[in-house]
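Worksheet: the structure to be examined is printed underneath.
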Amino acid sequence: MAEHKRIVHPLLLFTLYALLLLPMSSTTIVTRFAPSPTGYLHVGGARTALFNWLLARHTGGKFLLRIEDTDLARSTEEATRQLLEDLRWLGFHWDNAELVFQSKRLPIYNAVIDNLISRGLAYKAYETNEELTAQRSQAERAKRQYRYRRPALTDEQIRQYESEGRPHVVRFAMAVHEYRFDDAVLGPNQGFAAGEVQDFVIRKSDGMPTYHFGVVVDDEEMGITHVLRGQEHLLNTCNHIALQEALGYPRPIYAHLPVILNPETGEKLSKRDRDQKIRKRAGEVMRNTKKSPADLAAITGLPLDRLTEWLANDKKQLDLSEQPKVMKAVGLREADLPEIMVHDFRKNGYLPEVLNNFLALLGWSPGGDRERMSMEELVSLFSLDGIGKANAKFNRDKLLAFNTEACAAGSTNARMVEAMRDFLSVNPDSPLREASDHDIEQVLQMNHGFHILREPDDKSRFLFIPDKQVEYQTDALDKVLRKNESQGAKALREVRAALEQVEPWNAGQVEQAIKAFCDQRQIGLGKVAQPIRVAVSGSAVSPPIFETLEFLGRARTIARIDRCLSSL
RNA sequence: GGCCCCAUCGUCUAGAGGCCUAGGACACGGCCCUUUCAAGGCCGCGACACGGGUUCGAAUCCCGUUGGGGUCACCA
């Protein structure tokens, strides 16, 4: 039976190849992340950045960064610096060498706005904030939906307002009809009806463009092809496509990501959640201890009016210097607060690649059972169709488990030392900063099984402080050394002599000696190990004792035992 | 409240009409290991929101109900 062999003509092959490539090269995917610099990056923003970055890297496209600093009151240079640092930490490298700052692009926006005004597609509006609020509440009282539509001003009125030099905004005269667009995640035909249309502000009275306007103009200029952002922007998209149509811009592909929810409240995860938690706790403490705001003010040293205002108003937030004072007063530790900022995760010792892995799973899945992925794997597996529609609660337990696993898997290599160094760079109070790479490697090994880098740090600080500075915890002394007529102290005194004989001093020999000691006395290892632990570390919890003693060395071990015994 | 989006274990999810007695991960419970705290091993518990259709057959398609979320700024 003759096999039907087909010869493909090389020219045909070339043509097919070219056909395939041409449209590809002319539609290189360009994504962007466009945060506003008002503080550290939070996980919601990080997830948005991640998805945009992944799409660009997966397709060999570009990922651009733009700073939306049009809110003069809230944007700061410090925040921009923090934002960039967080993005670098996460490993999202952007492809525009020159960062785009919206605040530096006013002439460009104004030229476009002038053009719109001259075409009758935008106009100056002179209402004050108070007038607008009044109009809104009037509508609310009448149970009517408020929609701003162009007021009919006479030429006379306009002349008068202008001669008075009245402040004004510029609004976009949005054509009243239905707006529809296709969403790569939510499907076709998203949008709103004509009844929802209103003339939104495109230039504020301080001369800055609004978000809606800046986004549209800049996305066009930067050649953005795909906009991935949170679902809270879904309806904003109608404003954006209206503007694009008026300006003759092409429409990018939109993909709206599920919202990340606070597992406790079920609402959108917000920077304010930490503050809320402190306020809630403060309220409880005051009720339980019958303390007044004045008492709290006295304890924290904060002004009473400031404190009462904060207590009463959910919208008010403590600033970074006030927060720790109130936390201390109401017995909250940093670890009790939910991490929300990327910086918090860094400071607590999560690995950036793990945070990314976890964040990627919030609203996206590669399909099947696949969960643990390196950055490289995320890049190669990422695709728009893996993005889900349903909102996701931010569950820290799973992140913690991922981090534990990743640290355990990599705890012997240079990556973990590097990670620990990075952790220490944002935790300047740790004595481990003075440790050598070799010491750090040992600390990490001794603490194998830790969840976050904060744990080996916490549990190993005693190794890096002078013997004199070891602080003995009273409850540990009581429970381990003083209880039962000082059995523990007695064992400690006796094992001290045995330890002096150990030669050479290493974990194996120390173990042998201590175990021999236990056998001889017919007591359990715990009866001896715990007293030693308390003596050298000050607490009942430490890394495994034999390794700990090897690390400390004989002299320091004996010195700490002596000091502990004499303090009883 | 208007408009919009969504709906599988407690949580994150797999699932594209028969591969589903619904899979995985985390959490949780039990046992084991153990010098503390952990980590680890083994086993277990646990979901298609509800009601109607369509179909030989529905977690999967359609409609409704309920529930949750988002959004209604001169913030982004």
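In the text below, chain A, chain B and the rest are named by the order of the sequence lines, each starting its count at 1.
Taking atom C1' on both B/rU11 and B/rA47, the two are 12 Å apart, rounded to the nearest angstrom. Comparing the same atom, P, in B/rA76 and in B/rG17 gives a spacing of 45 Å after rounding to whole Å. Rounded to whole Å, the P atom of B/rG70 lies 37 Å from the corresponding atom of B/rC19. Nucleotides B/rC9 and B/rG15 are separated by 16 Å at their P atoms, to the nearest Å. A distance of about 23 Å separates the P atoms of B/rU13 and B/rG18, rounded to the whole Å. B/rG51 and B/rG41: their C1' atoms are spaced 46 Å apart (whole Å). Taking atom C1' in both B/rA14 and B/rA25, one finds a spacing of 11 Å when rounded to whole Å. Using atom C1' as the reference point in both B/rG68 and B/rC50, the two lie 15 Å apart (nearest Å).
Proximity of A/H448 to the phosphate of B/rA38: no side-chain N or O atom is located under 4.0 Å from OP1 or OP2. Remark: A/R533 is not in phosphate contact with B/rC37, judged by side-chain N or O atoms under 4.0 Å from OP1 or OP2. OP1 and OP2 of B/rG1 both lie 4.0 Å or more from every side-chain N or O belonging to A/R136. Taking 4.0 angstrom as the limit, A/K268 places none of its side-chain polar atoms (N or O) nearer than this to OP1 or OP2 of B/rG70. Taking only side-chain nitrogens and oxygens, A/K204 comes nearer than 4.0 Å to OP1 or OP2 of B/rC75.
When both distances must be under 3.5 Å, the Watson-Crick or G-U wobble mate of B/rA7 is B/rU66. Nucleotide B/rG2 forms a pair with B/rU71, judged by Watson-Crick or G-U wobble geometry with both contacts under 3.5 Å. Under the Watson-Crick or G-U wobble criterion, with both distances below 3.5 Å, B/rU54 is left unpaired in every strand shown. As the counterpart of B/rC28, B/rG44 is assigned, both hydrogen-bonding distances of the Watson-Crick or G-U wobble pattern falling under 3.5 Å. Across all strands shown, nothing is found opposite B/rA39 as a Watson-Crick or G-U wobble partner with both distances under 3.5 Å. Base pairing of B/rC19 is not made with any nucleotide, judged by Watson-Crick or G-U wobble geometry with both donor-acceptor distances under 3.5 Å. With both pairing distances under 3.5 Å, B/rA59 is matched to nothing as a Watson-Crick or G-U wobble pair.
Across the protein-nucleic acid pair, A/N391 atom CG and B/rC5 atom C1' stand 8 Å apart, rounded to whole Å. The separation between A/R370 atom CZ and B/rU13 atom P is 18 Å, rounded to whole Å. B/rC3 atom C1' lies 13 Å from atom CG of A/N239, rounded to whole Å. Going from atom CG of A/L235 over to atom P of B/rU71 covers 10 Å, rounded to whole Å. Atom P of nucleotide B/rC37 and atom CD1 of A/I545 are separated by 13 Å, given to the nearest angstrom. With rounding to whole Å, A/E405 atom CD is found 7 Å from B/rC26 atom P. Per the geometry, CG belonging to A/D397 stands 16 Å off P belonging to B/rA25, to the nearest Å. The CG atom of A/L492 sits 19 Å away from the P atom of B/rU35 (whole-angstrom rounding).
Across B/rC4, B/rU36, B/rU11, the shortest atom-to-atom separation from the side chain of A/K393 is found for B/rU11. Listed nucleotides B/rA38, B/rU35, B/rC74 differ in distance to A/H451; the shortest reach to its side chain belongs to B/rA38. Side-chain atoms of A/Q145 lie closest to B/rG2 of the nucleotides B/rC6, B/rC12, B/rG2. Of the candidate nucleotides B/rG23, B/rC74, B/rC6, B/rC6 has the atom lying nearest to any side-chain atom of A/K389. When each of B/rU35, B/rC5, B/rA76 is scored by its nearest atom to the side-chain atoms of A/T70, the top-ranked nucleotide is B/rA76.
By the 4.5 Å heavy-atom criterion applied to side chains, A/R203 and A/N110 are counted as neighbours. In this structure the side chain of A/C564 reaches within 4.5 angstrom of the side chain of A/L477, judged on heavy atoms.
A/F402 comes within contact range of the sugar-phosphate backbone alone, with a heavy-atom separation under 4.0 Å but no base atom that close. Looking at heavy-atom distances under 4.0 Å, A/S365 makes contact with sugar-phosphate atoms alone, never a base. Within 4.0 Å of A/S539, counting heavy atoms only, lies no atom of the nucleic acid at all. Using a 4.0 Å heavy-atom distance criterion, A/H233 is classed as a base contact. Among the atoms of the strands shown, none is found under 4.0 Å from any heavy atom of A/N447. Contact annotation for A/E232: backbone-only contact, meaning every heavy-atom pair under 4.0 Å involves sugar-phosphate atoms and none involves a base. Residue A/V169 is classed as a base contact, given a heavy-atom separation below 4.0 Å to a base. At a threshold of 4.0 angstrom between heavy atoms, the contacts of A/R229 with the nucleic acid are absent. Using a 4.0 Å heavy-atom criterion, one finds that A/S36 contacts the sugar-phosphate atoms exclusively. Within 4.0 Å of A/E547, counting heavy atoms only, lies no atom of the nucleic acid at all. Heavy atoms of A/G363 sit under 4.0 angstrom from primed sugar atoms or phosphate atoms, though from no base atom. Among the atoms of the strands shown, base atoms are found under 4.0 Å from some heavy atom of A/P543. Note on A/Q190: only backbone sugar-phosphate atoms sit closer than 4.0 angstrom, heavy atoms only; bases stay farther off. In this structure, A/I514 reaches neither bases nor backbone, as no heavy-atom distance under 4.0 Å exists between it and the strands shown.
Test A/D71, A/D69, A/D218 against A/Q102 for side-chain hydrogen bond (donor to acceptor under 3.5 Å, both in side chains) and you get one pass: A/D218.
A cation-pi geometry, defined here as NZ or CZ lying under 6.0 Å from the six-membered ring centre and within 45° of its normal, holds between A/R47 and A/F51. Within the cation-pi definition used here (under 6.0 Å to the ring centroid, within 45° of the axis), A/R251 does not qualify as a partner of A/F181.
Put simply, the side chain of A/K398 and the base of B/rC12 share a donor and an acceptor less than 3.5 Å apart. If you check distances only, the side chain of A/K459 does reach the base of B/rC37 with a donor-acceptor pair under 3.5 Å. The base of B/rG70 lies outside donor-acceptor range of the side chain of A/Q231, with no N or O pair under 3.5 Å.
Each of A/P544 and A/A401 was assigned the nucleotide of RNA chain B with the nearest heavy atom; the assignment lying further toward the 5' end belongs to A/A401. Residue A/A392 is the one, among A/A392 and A/A125, whose nearest nucleotide of RNA chain B lies closer to the 5' end (criterion: closest heavy atom).
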For A/R554 and A/V510, run side chain to side chain contact (heavy atoms under 4.5 Å, CB included): C-alpha distance rounded to whole Å, both residues' side-chain angles, the deciding distance at 0.1 Å, then the answer.
-> CA-CA 10 Å; A/R554 190 202 315 269; A/V510 169; over 6 Å; no
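Using bins of under 30°, 30° to 60° and over 60° for the plane-to-plane angle, the ring pair A/Y211/A/H233 lands in the tilted bin. Note on ring orientation: taking the six-membered ring where Trp is involved, the planes of A/Y126 and A/Y161 are tilted (angle from 30° to 60°).
Checking A/E127 against A/Y148 by side-chain atom types alone, a donor-acceptor pair falls below 3.5 Å. A side-chain donor-acceptor contact under 3.5 Å links A/R533 and A/S542.
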